[in-house]
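Small disclaimer: the values here were computed from a predicted structure and weren't measured. Chain letters run A, B, ... following the sequence lines, proteins first, then strands; residues in each count from 1.
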Amino acid sequence: MTDLAGPRDGADPPAAAARRRRGKRRQGTVVGTILSHALMLSIAAIFMLPFYWMVISAFKANNEIFTATITWFPDPIRWENVPALFNRPDFPFLRQFGNSVFYAGMVTIGTVLSCSIAAYAFACLRWKGRDLVFGLTIATLLIPAIVLFLPTYIVFARVGLVGTYWPLIAPAFLGDAFFIFMLRQFFLGIPRELIDAARLDGASEFRIFWQIVLPQAQTALVVVALFTIVYTWHEFFGPLIYLIDRNDFPLSLGLYAFRTQRAVEWSMTMMGSFFTALPLVVLFLFTRRLFHEGLATSSLK
Amino acid sequence: MNIQRLPLRRRSFLQGSAALFGASALPSRLMAQNGGPITLWTPGGSELMCEIHIDIVNEVVALGGQVTNGDVVCGFGPGQDYTQRLFGAIAAGQVPDVSILWDSPVSLGVQGAFIPLDEYMQQFPGLAVENWPGGLLASCQFQGRTYGLPVVAGVYSMWYNPEMFEERGISSAREDFPKTWDELRRISKEFTRWDGDTLLTGGFVPPRSAPTLPIWAALNGGRIFNADEARYEIDSEQNNEMFNFWVEWMDEEYRGDLNLVDRSANFSSGYVNYDLGTGSGFREGRAAVVHDGSWLMGDYWQEPEPTFLNWDLAAHPVGPSGTATVSGIWPNWAVIPVGARNPEGAAAYLDYLSTVGVVDWYRQIPDVPTNTLVEAEPPTVVVEQRGEDFARDVTEFLQEQAGIVTPMWHSPVEAFAQDQLTLAIQKIFTKTAPIAEALADAQSASQAELERVLRQ
Amino acid sequence: MTVAPGKRRRSSRYETTAAWLFVAPWVVKLVLLTVLPLIATVALGFMTMPVTGMPRWAGLANYEQMMADPAFRRSAQNSLTFALASVPLRLLIALGLALLLHRTRAFSGFYQTIFYLPFLMPAVAASIVFILLLTPGAGPVNVILQTFGLNPPDWLRDPRAALWTLVLISLWPLGVETLVFLSGLQNIPKDVQEAAELDSDRPWHRLVWITIPLITPMILFNLVIGIISSFQIFTQALVIGGPSGQPAESTLMYMVVIYRTAFRYFNLGYAAALSTVLFLGVLVVTLLIFSTARSWVHYEGGDQR
C-alpha cells in the first residue's frame, strides 16, 4: 500500500517536494504493479470460484458432481443439460422466468414513477411538514421489513389477495423510502435556476417535474431502475409467503422449490441458478458505469 | 401474464372418457343431486402424481352426482412449504375443496382450518369408521374429531438385502428377520467393514429422523405424544433407554461418529444423501438393512440406478422394553379446508377416492391404500421388475403393516415438536448434550407449546 | 438552496398543495403500509391470532413465552454474533478492496466487475452453490485448503462451525459496499490528496488520518445498512439450516424463528411480539450509532443538511 492517491497528470503543483517523492518511487512501480495485479487477480479468483463452480457443475451429470477426487473441468461437457432445463414439467423455468420479468418490470415501473414524484416534492418544493415527512421517510429505513409484514399479510390474506402478485407489486407504486431518498439527493443537484426560470414562465409544477427535472435526472432514474430490478429479481421472502402456485413463482422462489423437491438433481439446480443470475450479469456488464455513478451520487453527503 | 391468478387447469379434462372403473363398487351417495365443481390441491410430486389425480377427478365427474366438474392444481412445493401455502390460502378464504396433505391434519385442524369429517363418515358408507385401521385414523384425530382421512399411507418397514444376509450365513426369510433390537444389533455387526474412515459395508445404523421417532418409541413400549391426556412423553424412561441403546450401538459399531458413516454412503434410507451427495448404500448393495417407506418401491429403479435389486421387506424389530411390533407412516392424507365451496362434493369425492380411486393410484405410485374395502392391485413397476407374486406379497405385507400403525402425526403442535426432536436427536448423536437433558429440553418446550395452543 | 427571494416563489399555498399532491402516494404508503402496520404489529404482540376468526387479547402472554423460550435466546444470540462478526468484516474487506481498486488503474473496470458480480447472484442460488463448494471430502474449498496443508472443519455439519460458515458466505457479495467506498475515495479532492502526500510520507499514516476520515460518511452508510440487513439474514439461513437451524440450532437466525413461528407453528401473535423486539433492537443499535456518529463522521462542507 504505497501510493494511495496514484500519480496524476496535470496536477496543480503544490510543491516540488511531492514530485521528488514520486520520482524516488518510480523504480518500485513496475514490480509494484505486477505485485498488485497478482494480488488483485488472486482475490478476483477467490471471488469467482463460486461462479466457476456453479457453471461447471451445471455441465456435469449428477453423479459427477460429488466425486472422490476433485474434477476442475467437466469431462465430458454435458451440453444436453441446457435444453433439459427448459423442458422440465416439474420446473417451469421459462414460465418462472417470465414471472420474474413481469414482477421486476412492474415493480421497477412503479418504483421509478412513485419515487421520482415524491423525491421532487422533497427536493424542489417548499411546504409545511416537509421536514417531518422526510424525517419519517428516513426513519422507515430503519424498520426491518418483517415488522410490517405480519399485519400487512393478514390484511392481504383476508381480502383474498394471497396467491396473486397484487401484494408484491401494488406497494411499489406508492414509493420506497430508500429510492426516494436517493432521488432526492440527485434532484438537489439540479441547478435551481432552471426550475426558477420555468416557474417565472408560469409552468405548472407537474410540467417542471416532467419536462425539466426528469430529463436532467435520467441517469438517476436508470440507476434506481437497475437497483430495483436487481432487488426484485432476488426477492424471496415476499413471494415465498404470498404466492401459492408453482407456475406463478418468480425464479428466486422457483429455484428454492425445485431444490427442496428435487434435491438430488444438483446439476439442474446449478443450471437453473446460472440462468437465474445470467440476465442480471448481462444487465450489469452493460450498465456498470451507471451503477457506479449512481452509487457515487447517492452515498450520503 | 395476468396479475389476477386465473384458475389454473393443468389439462383439459377428457369428459366422460374415464372408464367406469369398478362401477359395481359405486358409492351410493354419489348419485345424489345438487352437484357442483370441486377443486383439488396436491403438494406436488411428479407429473405422474398430477395425472393420477386428474384421472381420478375425471372418473368422479363422469359418475355424475355431486361433482359436476373438477380442477386439479398440483405442485406447489413439498411438505412444509405446501402447508404454509395452504395456511395462507385458508386465511385468505381461497381454499380448495379437497387438499392432499403430507403433514399433520391435526395441527391446522385444531385451529379451525379443516372441516371435521365425522359427520361425512357416518353419511358415506365408504368412509365409515370401521373401514379404517385404528392407528391410522387416530393419526388424523384429536379429542374425538377427525380432521383428515388416511386414504393412502406411506408405510414404513425394514428394507433388507437377502443376498448380504445369505453371504454371512444368516437366514434371509422374512419371518427370520431379527425380532428385537438386540438381535438386529448382533447381526448388524456381521456386516460392518471399515476401510480407514470409510464404511464399506454396514448392517443397520440407528435411526435419526424426528418424524419416524414415534415408531421407534412405540417399539420400545413408549410414546412421544399421548393424545388422550394431551401430554408429551418425550423424556419417558423408555425413550431414554432407547437413545442410550442407540448411542451405545453407535459407539460400539460406528466409532461414535455417524458423520463418518454418512460420508461413506447413505446407510439410513434407500435414497442418496442430498446434502452430502453420497450414494444410497442400500441400492449399491453396501447396506444390509435400512428403514424406509413404501414410496421407495416406486423410486427404487430410478436414478441412481441400483446395482442391488432383490430387496425384501420385514416387520420392525422390538426394543428392550417393547412387547409387540408396530408400524408407522408418512402421511398422505386428504382434508376438506374450512371455506370449501362444495364440502359435500368433496366428501363424495373422498368416498370414491378412498374406496376405488386409490387402486389406480397405488398401481402407479405405491402409496398403500388403507381403507379395508379396497382390493389393491400390485404396483406396475414392482410387477415388471420383480414379478407378480412378489408384488402381491409385498402389497399384502404393507397393508398388513398399515393395520398395525402406531398413532403419529396427531399432535396439535406437530411441527414444533418435530423441530424440538430434531434438535434433541442432533444433540444426542453429536454428544453436545447428555441424553436425559436433550430429551427433557424437547419435552418441556413441546409441552409448553401444546398447552399454549390448547389454551387458546 | 439560496436564490434571491421575491422573484422565485409564487404563492406558498400553491406550492404546498402541489407538494402534497406529489407526495400523496408516498404518504398513503407511509400511513397504510408503514405506520399502521407498525402499530398493528405492536398490538398483535399482545394478542393471539387464530388461523380463522378474530384476534383475542392475551396480555403479556407472548412476552412471557419469549422469556421462557430457548429458541428466542438462541436465535437472538446467533443473530447478534452473526452481525457482530459479519458487519465489521464486510466493512474492512470492502474498504480494502476499494483501496486496492482505487490505486489500480489498469483493468480497474474488470476487477470492479468481478467484485460486483456476487451481488447479482440471488441468495438462494448463492447458498446452494456454497453448499456444493463446502462439501466435505473432495469439495473444492477443502481441496484448496488441504493443498496449503490446512485442515478444514466440517463447514455445514459441525455445530461449532456452521454459524461461522454463514459469516464467511456473507463476505462474498460485497459489491455494493466496495463501490460505495470506491466512489467515496474518488471524491476526495485532489488538493487534499496532494497536501496529504506533502504532510506525511507514511502511507498507513495517510490512510488512517486522512483518507478514512474523509470517507466516514460512506462508512456510516455501509455500517447502518449492514447492521439492519445482517439482523434480517433469512434466505441463506433457511436454505442452509432449514427451519430448525441445523446443525443443532447453530444456524437458527432470529428471522427464521419469526418465520417458523408465524408460518410453521401458525402462532401469529408470538411472531408479532418477536418482530416488535427485533424492531426495538434495531432501533436501539442504530440510534447508538447515530448518536456517536457526530463525533466520528466528517461531513464535507459541514452544513449540508
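The candidate from A:Val147, A:Leu280, A:Thr140 with the greatest count of non-hydrogen atom pairs under 4.5 Å with chain C is A:Val147. Counting heavy-atom pairs closer than 4.5 Å to chain C, the top residue among A:Ser36, A:Gly129, A:Pro171 is A:Pro171. Contact count against chain A (heavy-atom pairs under 4.5 Å) is highest for C:Ile131 among C:Val27, C:Ile131, C:Leu32. Of the listed residues A:Thr276, A:Asp176, A:Ile195, the one with more heavy-atom pairs under 4.5 angstrom with chain C than any other is A:Asp176. The residue among A:Thr137, A:Leu49, A:Leu251 with the most heavy atom pairs within less than 4.5 Å of chain C is A:Thr137. Considering only heavy-atom pairs separated by less than 4.5 Å from chain A, the leading option among C:Pro173, C:Ala125, C:Ala262 is C:Ala125. Of the listed residues C:Leu268, C:Leu132, C:Leu36, the one with more heavy-atom pairs under 4.5 angstrom with chain A than any other is C:Leu132. Among C:Pro140, C:Ser127, C:Ala18, the residue making the largest number of heavy-atom pairs under 4.5 Å with chain A is C:Pro140. Contact count versus chain A (heavy atoms, under 4.5 Å) is highest, among C:Val282, C:Leu133, C:Ile144, for C:Leu133. Looking only at heavy-atom pairs under 4.5 Å with chain C, the residue among A:Phe209, A:Trp53, A:Phe122 that has the most is A:Trp53. Between chain C and the options A:Ala197, A:Pro144, A:Ser273, A:Ala277, the largest number of non-hydrogen pairs under 4.5 Å is found for A:Pro144. Comparing C:Gly139, C:Ala43, C:Ala24, C:Pro122 by heavy-atom pairs within less than 4.5 Å of chain A, the highest count is held by C:Pro122.
Heavy-atom distances place the backbone of A:Leu141, and not its side chain, under 4.5 Å from chain C. With a threshold of 4.5 angstrom between heavy atoms, A:Leu150 approaches chain C through side-chain atoms but not through N, CA, C or O. At a 4.5 Å heavy-atom cutoff, the contact between A:Phe47 and chain C is made by backbone and side-chain atoms alike. Heavy atoms closer than 4.5 Å to chain C are found nowhere in A:Leu283, neither backbone nor side chain. Contacts of A:Tyr231 with chain C are made by side-chain atoms alone, with heavy-atom separations under 4.5 Å and no backbone atom involved. A:Leu285 touches chain C through its side chain: at least one heavy atom from C-beta onward sits under 4.5 Å away, while N, CA, C and O do not. For C:Ile128, the parts lying under 4.5 angstrom from a heavy atom of chain A are both the backbone and the side chain. For chain A, the nearby part of C:Ile258 is the side chain; its heavy atoms alone come within less than 4.5 Å. Using a 4.5 Å cut-off between heavy atoms, A:Ile241 contacts chain C through its side chain alone, with no backbone atom that close. Residue contact with chain C, scored on non-hydrogen atoms closer than 4.5 Å, is absent for A:Ala119. For C:Ile228, the part lying under 4.5 angstrom from a heavy atom of chain A is the side chain only. No part of A:Phe274 comes within reach of chain C, as not one of its non-hydrogen atoms sits under 4.5 angstrom from that chain. Only the side chain of C:Leu30 comes within contact range of chain A, with heavy atoms under 4.5 Å apart. In this structure, chain C has no heavy atom under 4.5 Å from any part of A:Ala139. When heavy atoms are compared at a cutoff of 4.5 Å, C:Val285 does not approach chain A at all. Heavy atoms closer than 4.5 Å to chain A are found in the side chain of C:Thr286, but not in its backbone. In this structure, chain A has a heavy atom under 4.5 Å from the side chain of C:Thr135, while its backbone stays farther away. Using a 4.5 Å cut-off between heavy atoms, A:Met270 touches chain C through its side chain atoms alone.
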### Message
Determine whether A:Tyr153 and C:Phe263 satisfy the following criterion, ring pair (Phe, Tyr, Trp, His ring centres under 6.0 Å), listing intermediate values before the conclusion.
### Response
CA-CA 11 Å; A:Tyr153 171 79; C:Phe263 299 104; 5.1 Å; yes
### Message
For C:Tyr111 and A:His37: C-alpha separation, side-chain torsions, deciding distance, then whether ring pair (Phe, Tyr, Trp, His ring centres under 6.0 Å) applies.
### Response
CA-CA 10 Å; C:Tyr111 294 129; A:His37 277 291; 5.8 Å; yes
### Task
Show the numbers, then the answer: is there a ring pair (Phe, Tyr, Trp, His ring centres under 6.0 Å) between C:Tyr116 and A:Phe284?
CA-CA 9 Å; C:Tyr116 199 82; A:Phe284 175 75; 4.4 Å; yes
### Task
Give the C-alpha distance, both sets of side-chain angles, the deciding distance and a yes or no for ring pair (Phe, Tyr, Trp, His ring centres under 6.0 Å) between C:Trp172 and C:Phe119.
CA-CA 8 Å; C:Trp172 189 50; C:Phe119 171 70; over 10 Å; no
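Although no hydrogens or angles enter the test, the distance criterion places a donor-acceptor pair under 3.5 Å between the side chain of C:Ser183 and the main chain of C:Val180. A:Ser204 contributes a side-chain N or O that, together with a main-chain N or O of A:Arg207, makes up a donor-acceptor pair within less than 3.5 Å. Of the possible donor and acceptor atoms, none in the side chain of A:Arg126 sits under 3.5 Å from a partner among the backbone N and O of C:Glu15. A donor-acceptor pair is defined here as one N or O able to donate and one able to accept, closer than 3.5 Å; such a pair exists between the side chain of C:Tyr254 and the backbone of C:Leu274. Although no hydrogens or angles enter the test, the distance criterion places no donor-acceptor pair under 3.5 Å between the side chain of C:Gln232 and the main chain of C:Met255. For the pair A:Ser114 (side chain) and A:Ala172 (backbone), a donor-acceptor distance under 3.5 Å is present. With C:Lys29 contributing its side chain and A:Gly175 its backbone, the two residues share a donor-acceptor pair below 3.5 Å.
At a cut-off of 3.5 Å, with distance as the only test, a side-chain donor of A:Tyr120 or A:Glu205 sits close to an acceptor on the other residue. Inspection of the A:Ser252 and A:Trp233 side chains reveals no N or O donor paired with an N or O acceptor under 3.5 Å.
The aromatic rings of A:Phe236 and C:Phe234 sit tilted relative to each other, their planes meeting at an angle between 30° and 60°. Using cut-offs of 30° and 60° for the angle between ring planes, the A:Phe178 and C:Phe221 rings count as tilted.
Between C:Gln236 and C:Phe130, every side-chain heavy-atom pair lies at or beyond the 4.5 Å cut-off. Within the 4.5 Å cutoff, the side chain of A:His234 has no heavy atoms near those of the C:Val124 side chain.
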